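Structure, as structure tokens:
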Amino acid sequence: MSLTKYLDVAPEVAQALKDNRPVVALESTIISHGMPYPQNVETALKVEEIIRSCGAVPATIAIIGGRLKAGCTHEEIEHLGKKGQEVTKVSRRDLPVIVAKGMDGATTVTTTMLIANLAGISVFATGGIGGVHRGAETTMDISADLEELAQTPVMVICAGAKSILDLGLTLEYLETKGVPVIGYGTSELPAFYTRKSGFGVDYELDTPAEVAAAFRAQRELGLKGGMLVTNPIPEEYSMDADVINKAIDEAVAEANALGIHGKQTTPFLLAKIKDLTGGDSLDSNIQLVFNNARLASAVATELCK
Ligand code: PSU
Ligand code: MN
């Protein structure tokens, strides 16, 4: 396949990759569907700034006019943030039609990994990933993010997963698919808003160099698939477990009562939780993304050595 036919790598990103300098990919569904305007745009721009201050080059990934963008301009980020949920949330199955129609799309963890890999970017920072939803034994609602982790060689650095998901089943699924789950400085899977979930991770690694070494070994062994690095939210920004779990339970109950399903489920729950916690969850969400961007920059730097 001719990559340039569909892919635009921003000049700065292309130059950094050519020079073997660190690049960190960022997703755009977190901008359009994960946070409200204008905090979404402010966060997206700030996270790019943080990556630069750590000596790496940010590449916000999205689809603009049917083009796969590895690196968005500030105007493109503003556009995605302002349009919000009007922009199509694009998972793997949506990609062909969105590209063929020349539409805009916000990339999920799935499509951000896919495009990062096409562009030659190995490290991707975000907030949380999709996973096995509660009740998946009847709904079969399992995020395509898990399948992408199983097949695309990109490291995803996140703050664990929210308990809108069934965290135990999510870990089981990742094990089946052969995806290493790393705890950064922790032996426990972080639960996004809180540092602990009660579930153990496969391995605790404590430095960016150790994480980079594991990823390098995965490549050199010829193993397909990515790696999930879970980085706990900094203590000072973590939420009270009872408060957040109550909000999550309420949000899940409301989603069920309203019959919300399919790709609407995750955005619905995220917005509801934000409303129920009076915006506290948004502050935590923003801070954990910054924290993940810092770690991703450090790991990407190690991978360039
Ligand atoms: N979880 C979050 N914040 C997010 C998402 C998930 O805490 O913004 C977004 C990501 O883009 C993720 C997507 O890839 O939702 C998963 O959607 P679904 O569950 O429909 O696969
Ligand atoms: Mn789903």
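Atom set for the values below is all heavy atoms of this structure, side chains included, hydrogens, waters and symmetry mates excluded. Just so it is clear, the structure is predicted and the values come from calculations on it, not from any experiment. Atoms within a ligand are numbered from 1 in the order they appear, just like the ligands themselves.
Taken to the nearest 0.5 Å, the CZ atom of Phe290 stands 10.0 Å off from the CG atom of Asn285. Leu205 CG to Ile182 CD1: the interatomic distance, rounded to the nearest 0.5 Å, is 4.5 Å. In this structure, Lys272 NZ and Ser281 OG are separated by 12.0 Å, a value rounded to the nearest 0.5 Å.
Between Thr108 and ligand 1, no N or O atom pair is found at a separation short of 3.5 Å. The N/O atoms of Val109, backbone and side chain alike, include one that comes under 3.5 Å of an N/O atom in ligand 1. Considering backbone and side-chain N/O atoms, Lys263 never comes within less than 3.5 Å of an N/O atom of ligand 1. Taking any N or O of Ser143, backbone or side chain, at least one lies under 3.5 Å from an N or O belonging to ligand 1.
The cationic atom of Arg219 (NZ for Lys, CZ for Arg) lies less than 6.0 Å from the six-membered ring centre of Phe215 and within 45° of the ring axis.
Of the protein's non-hydrogen atoms, the one nearest atom 11 (O) of ligand 1 is Glu27 OE1, 2.6 Å. The protein heavy atom nearest to atom 2 (C) of ligand 1 is Lys162 NZ, 3.0 Å. Among protein heavy atoms, atom 19 (O) of ligand 1 sits closest to Thr266 OG1, 2.7 Å.
At least one heavy atom of Lys89 sits closer than 4.0 Å to an atom of ligand 1.
Residue contact check: Asp145 has heavy atoms under 4.0 Å from atoms 12 (C), 14 (O), 16 (C) of ligand 1. Within ligand 1, the atoms closer than 4.0 Å to a non-hydrogen atom of Thr29 are 11 (O), numbered from 1 in the order shown. Listed by atom number, the atoms of ligand 1 under 4.0 Å from Gly128 heavy atoms are 1 (N), 2 (C), 6 (C), 7 (O). Residue contact check: His133 has heavy atoms under 4.0 Å from atoms 19 (O) of ligand 1. Close contacts of ligand 1 with Phe192, meaning ligand atoms under 4.0 Å from a residue heavy atom, involve 7 (O).
Considering only heavy atoms from C-beta on, Arg134 comes within 4.5 Å of Ser163 through its side chain. Contact annotation: the side chain of Leu68 never approaches that of Asp8 to less than 4.5 Å [non-hydrogen atoms, C-beta and beyond]. The closest side-chain heavy-atom distance from Tyr184 to Thr230 is not below 4.5 Å. Counting heavy atoms from C-beta outward, Tyr193 and Ile233 have side chains that stay 4.5 Å or more apart.
Here Asn285 has no heavy atoms under 4.0 Å from ligand 1, in either its backbone or its side chain. Residue contacts with ligand 1, taken as heavy atom pairs separated by less than 4.0 Å, do not involve His33 at all.
For Asp141, the N, O or S atom with the smallest separation from the Mn ion (ligand 2) is OD1.
The residue from Ile273, Leu270, Thr107, Ile30 that puts a heavy atom closest to atom 3 (N) of ligand 1 is Leu270.
With hydrogens and angles disregarded, no donor-acceptor distance shorter than 3.5 Å links the side chain of Glu148 to the backbone of Leu114. Here the side chain of Gln39 pairs no donor or acceptor atom with the backbone of Leu282 at under 3.5 angstrom.
At a cut-off of 3.5 Å, with distance as the only test, a side-chain donor of Thr107 or Ser28 sits close to an acceptor on the other residue.
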